[in-house]
Each structure stands twice: as C-alpha cells, then as structure tokens.
Engineer: 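Following this message is one structure expressed as structure tokens.
Here is the naming used below: chain letters follow the sequence lines, and residue numbers restart at 1 for every chain. On a predicted model such as this, the values are computed, not experimentally measured, just so you know.
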2 protein chains.
Amino acid sequence: MNNDRAPAVICTVDVVLLTLEQGQLKVALVRRERAPFAQALALPGGYIHAQDDVDTQASAARVLRDKAGLDSPYLEQLATFSGAVRDPRGWSVAVAYCALVPPETLAQAEGRVPLVAVDALPPLPFDHRQIIDTAVQRVRSKSQYSSLPVHLCAEPFTLPQLQAVYEAVLGEAINKVSFRRKMDELAMLEPVHGALQTGGAHRPAQLYRVRAAYRRSLSLSARGL
Amino acid sequence: MNNDRAPAVICTVDVVLLTLEQGQLKVALVRRERAPFAQALALPGGYIHAQDDVDTQASAARVLRDKAGLDSPYLEQLATFSGAVRDPRGWSVAVAYCALVPPETLAQAEGRVPLVAVDALPPLPFDHRQIIDTAVQRVRSKSQYSSLPVHLCAEPFTLPQLQAVYEAVLGEAINKVSFRRKMDELAMLEPVHGALQTGGAHRPAQLYRVRAAYRRSLSLSARGL
DNA sequence: GTAATAGTGTCTTTCAGACACTATCCT
DNA sequence: AGGATAGTGTCTGAAAGACACTATTAC
C-alpha cells in the first residue's frame, strides 16, 4: 500500500474520423511524423496537453484541427484502449473519439488526409485496427435506431439523399415509406421552404435541414424507446 | 511542436458496482482512506498500476477485489471522465467501469460495502455523481433490449424472478407474455431439468440458468436487430 | 409523350400487449 | 375446495414493409 504513485502512464487521444465517399464508409488516416511507426498511416492522435486542454474531448478536437485541419460538429467519445503492450513506448491509455463529417467538409480541408475504406484497411500500427472496427460497429449499430447518419450529409439535403446515406452505412436497402415515416416522427428535419433540388430529369425533391433544436443534441440521443 | 511530453496526467479507474436490493438499484460505495476527500463515501477506485495490470480492465478488477472483496463476472467499460478540474490533485483521466452482481454475491463479501439507492445519492466527491448517473442510464437503456439484467439475478432463477428484476431496473411493469416470448427468442436460458422452485402456495416454477455459450458474451451483445 | 425519380395512399404482414384460460402447488 | 402464482393460447391493435399509384421535372 506504499506505491500509490504508479509509474507514468502515456496518455493520448485518437480520433476515428469517418466520412462517406462513393457510397462507402471511409476513415481518415494521417502519416505519422515521429517514432514509433514514423511514416506509417495511422489514426490522427496525440498526447493530452494538460496545459491547453480542459478535457480529452478538447484534446480530440485539437488533434482533429491540427492533423486534419477541420472541426467536426459531431465528436463523441468512443471507448478507451489501454495496456502494457499496445504502444512500444510503454503502458498507455488512449481515449478514442469518433467524428463524423460529410465529404464536402473534408474536401474543404485541402484533401491532405488520405481516406481508406473501412472494409479494406491496410495493416495499421498500435491497435488502431481494433479502434476503427469498434467505431464502425458503433456507428452502424446507432444508425439502426437514431438520426446519427445526418452528420454524414451536408445540408441542405433531400430525403432520397439521406436515405442513400443510411443505406450506405447500414449496407442494406431501406423501405422508402418506412424511412419517411421514421424521419417524420423523429421530427428532426424541417423543409427549407421553397427550396427544391432541380436538375434531374424528374420531379424535383424537397430540401431539408436539421432543426435547430436538434443540432447539438444528436450525439446525446440514446434510444428513443 | 516541442512539448510532446505533456505534464503528467493522473490515471485512475473507478468502478460503479450495481446490485439490486429490495427492488431498488443500488450502488456500492467505499469510504476513502486517503486525501483528497478522506473519510468520504465515494466510488471504489484507484491508480492504474502499470507494473501489475495488463490493461484498465484488469485495474478495475483489481480495485473491485481490493476494495469490495469480490470478483464480478460482468465488468464492462463505461466511459472515461477527464479534465483539469474534476480532481483537486490535477489533470486527471478516470476510466470508469460498470459491474453488475446479484445481491447474494455482495452478501458473501461480508457486507463491508455500504449500498446506496441510485435514486437517492448523497453528495459525492469528484464527478462520481455523474459517473453513477451515466452507469444507471446505460444499464437502463441496455436492459430495454438486451439480456443484461440476468447478471443481477443469482442462478438458478425462475422466469417470474427474472421478470421482477427487469421491472425493477426499468421501473415499469412488463407484459408477461411478451417477456417470455423475448426470453425464448433470445435463446439464452436453459431450464434446469427437473428443478422447480417449490415452497409457495401455488404452482412451482421452472428454474433456469444462462446457457454456457452466453455466459461470457452477454456484455458484448449489441442490439439484436 | 416518355423516361426517370419524388412523394403518397393503402394493403398486408409482423410483432407486442391484453386477456383469459389452464396447471399445480399449499393450506 | 379455495387461494395464489406459473405458464400458455389467442385476440387485437400498432407498427413496418410491399406495392401501386400520382406528381413533376428534362428531353
């Protein structure tokens, strides 16, 4: 009972930044500048800066800003990965966060970040493969009953567009009537009055945006049951 | 870019040990031996021991063993709480775990740990109130669609007993037919052949236990959709 | 007009809750 | 026998999917 002060533990955050490109869920990776695994593609991450960050959520936002050059409205804690062997530098704790952005947001960020389809990941350092798998599993699971996928859709969007996003994430077709009923009862979207998406050789579609009241609370919504 | 090595961060684990007593969800607290908040009731927790623990899950199991004197078959990572102000000693990261045990298991542990109803918590140090609230919310949410509450029920148990546990956790009555249909299709329980619970002035009830295949995987089960 | 997709009305199927009935114990 | 709870069959209403139909654009 005399060694409460344990040897230092390495404290980091890692961010799984997901987006949708060509109908596929993809994760943003960055090339590591320093050892270990210098030059390797890995999740954007870094040490917690106790002097700058108020908490790990702020650390994750900072990492995202520094390494991917963007802010993500959706940034949720995923899980914490830890242990003696996951990092060659020593015993480490990595608080992992999951960010979702529409592809348009990533395009603004100069395209510095390589995107890799989550179903075809290359070998990755640390336990980043496991972290990504956990994030994808979580996103797919939550998409079954929540409005989470709207974060992958740039506003304004049409209902057919949003449905396509849901279908891409879930990997299966969704009934159109059921989908619209669900969106309607979630009461989370509002039509942009007078704004229709034209251009196609067919009836134009109503454009929608997320109601202000739901802008920030989406990540907090548990199940609606 | 020259201060990668941030000032030391305090790394701890905290365990929310929940059980069911008198039809109420209760959390086990321990009296702190050391500052800060010495003598106060708080969640069992402690530093990560990098030399002993393989990961934070092991740290949580050790804390549970040392401070509550028991092993919990169900021990799942809850979330990580962090920041500059939650601990007066400095910037800290607390990986919180949630454990569920039947009341019989706690009784074996000499009753050293005070139990407090989660709906009537006293003021608690750190952000332990928030951690407990998060755990309770998670357990209630998961209980709606998963078999998680079986961990609160000592084996063997009858279906009416298990239903009462569900009802206590969820705080509402459940339809008997629906409950049995759900348990049946989860295919997670098996009857203990020939074992009935007698003694009541009524028809005896079939005793059940969790199938071996589901013993360990319950905490991993996401939604069954 | 024709092709193509948006959007809606309605039928069908599926699932959860309500209810009632039987079963089996103790007293 | 009577009371009490275990366990089951069946009806009903709500929700989800299937399908078909109308609406509106470009060409």
Engineer: Atom NZ of B/K182 and atom C1' of D/dT8: how far apart are they, to the nearest Å?
Structural biologist: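 One finds 19 Å between C1' of D/dT8 and NZ of B/K182, rounded.
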Engineer: Rounded to the Å, how far apart are B/F179 CZ and D/dT8 C1'?
Structural biologist: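 Going from CZ in B/F179 over to C1' in D/dT8 covers 16 Å.
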Engineer: Among residues at least two apart in sequence or on other chains, which ones pass salt bridge (Lys or Arg N to Asp or Glu O under 4.0 Å) with B/D55?
Structural biologist: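 Per chain and number, B/D55 pairs via salt bridge (Lys or Arg N to Asp or Glu O under 4.0 Å) with no residue.
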Engineer: Between side-chain atoms of residues 123-135 of chain A and protein atoms elsewhere (two or more places apart, or another chain), which donor-acceptor pairs fall under 3.5 Å?
Structural biologist:
residue : atom : partner : partner atom : Å
A/D127  : OD1  : A/R86   : NE           : 3.2
A/D127  : OD1  : A/R86   : NH2          : 3.0
A/D127  : OD2  : A/R86   : NE           : 2.9
A/H128  : ND1  : A/L43   : N            : 3.1
A/R129  : NE   : A/D133  : OD2          : 3.2
A/T134  : OG1  : A/Q130  : O            : 2.8

Engineer: Going by number, which of residues 157-174 of chain A have a non-hydrogen atom under 4.0 Å from DNA chain C?
Structural biologist: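 Heavy-atom contacts with DNA chain C come from A/P160.
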Engineer: Which residues pass the side-chain contact (heavy atoms from CB on, under 4.5 Å) test with A/L115, not counting sequence neighbours?
Structural biologist: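 Scan of A/L115 (side-chain contact (heavy atoms from CB on, under 4.5 Å), adjacent residues dropped) gives A/T19, A/E21, A/K26, A/A28, A/L106.
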Engineer: According to side-chain hydrogen bond (donor to acceptor under 3.5 Å, both in side chains), who are the partners of A/R180, at least two apart in sequence or on a separate chain?
Structural biologist: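 By the side-chain hydrogen bond (donor to acceptor under 3.5 Å, both in side chains) rule, A/R180 matches no residue at all.
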Engineer: Select from B/A205 and A/E185 the residue whose nearest nucleotide in DNA chain D is closer to the 5' end of that strand.
Structural biologist: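 The residue closer to the strand's 5' end, by nearest nucleotide, is B/A205.
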Engineer: B/V165 and side chain to side chain contact (heavy atoms under 4.5 Å, CB included): which partner among B/S143, B/P149, B/P102, B/P160?
Structural biologist: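 Between B/V165 and the candidates, side chain to side chain contact (heavy atoms under 4.5 Å, CB included) is satisfied uniquely by B/P149.
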Engineer: Quick one, give me the B/S/- string for nucleotides 18-27 of chain C, reading 5' to 3', where B means a protein heavy atom under 4.0 Å from the base and S means that only happens at the primed atoms, P, OP1 or OP2.
Structural biologist: BB---BBBS-
Engineer: Find the distance A/R180:CZ to C/dT10:P and express it as a whole number of Å.
Structural biologist: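 My rounded result for the distance is 17 Å.
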Engineer: For residues 197-208 of chain A, run the donor-acceptor check on the side chains, cut-off 3.5 Å, and write out each pair with its distance to 0.1 Å, sequence neighbours left out.
Structural biologist:
residue : atom : partner : partner atom : Å
A/Q197  : OE1  : A/Q161  : NE2          : 3.0
A/Q206  : NE2  : A/V192  : O            : 2.9
A/Q206  : NE2  : A/A195  : O            : 3.3

Engineer: Could you list all the ring pair (Phe, Tyr, Trp, His ring centres under 6.0 Å) pairs where at least one residue sits in residues 158-194 of chain A, not counting sequence neighbours?
Structural biologist: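 Those involving residues 158-194 of chain A are A/Y166-A/F179.
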Engineer: Figure out the CD/C1' separation between A/Q197 and D/dT24, and round it to whole Å.
Structural biologist: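 Atom CD in A/Q197 sits about 14 Å away from atom C1' in D/dT24.
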Engineer: Please name all residues satisfying salt bridge (Lys or Arg N to Asp or Glu O under 4.0 Å) with B/E155, sequence neighbours left out, ordered by chain then number.
Structural biologist: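 Scan of B/E155 (salt bridge (Lys or Arg N to Asp or Glu O under 4.0 Å), adjacent residues dropped) gives B/R215.
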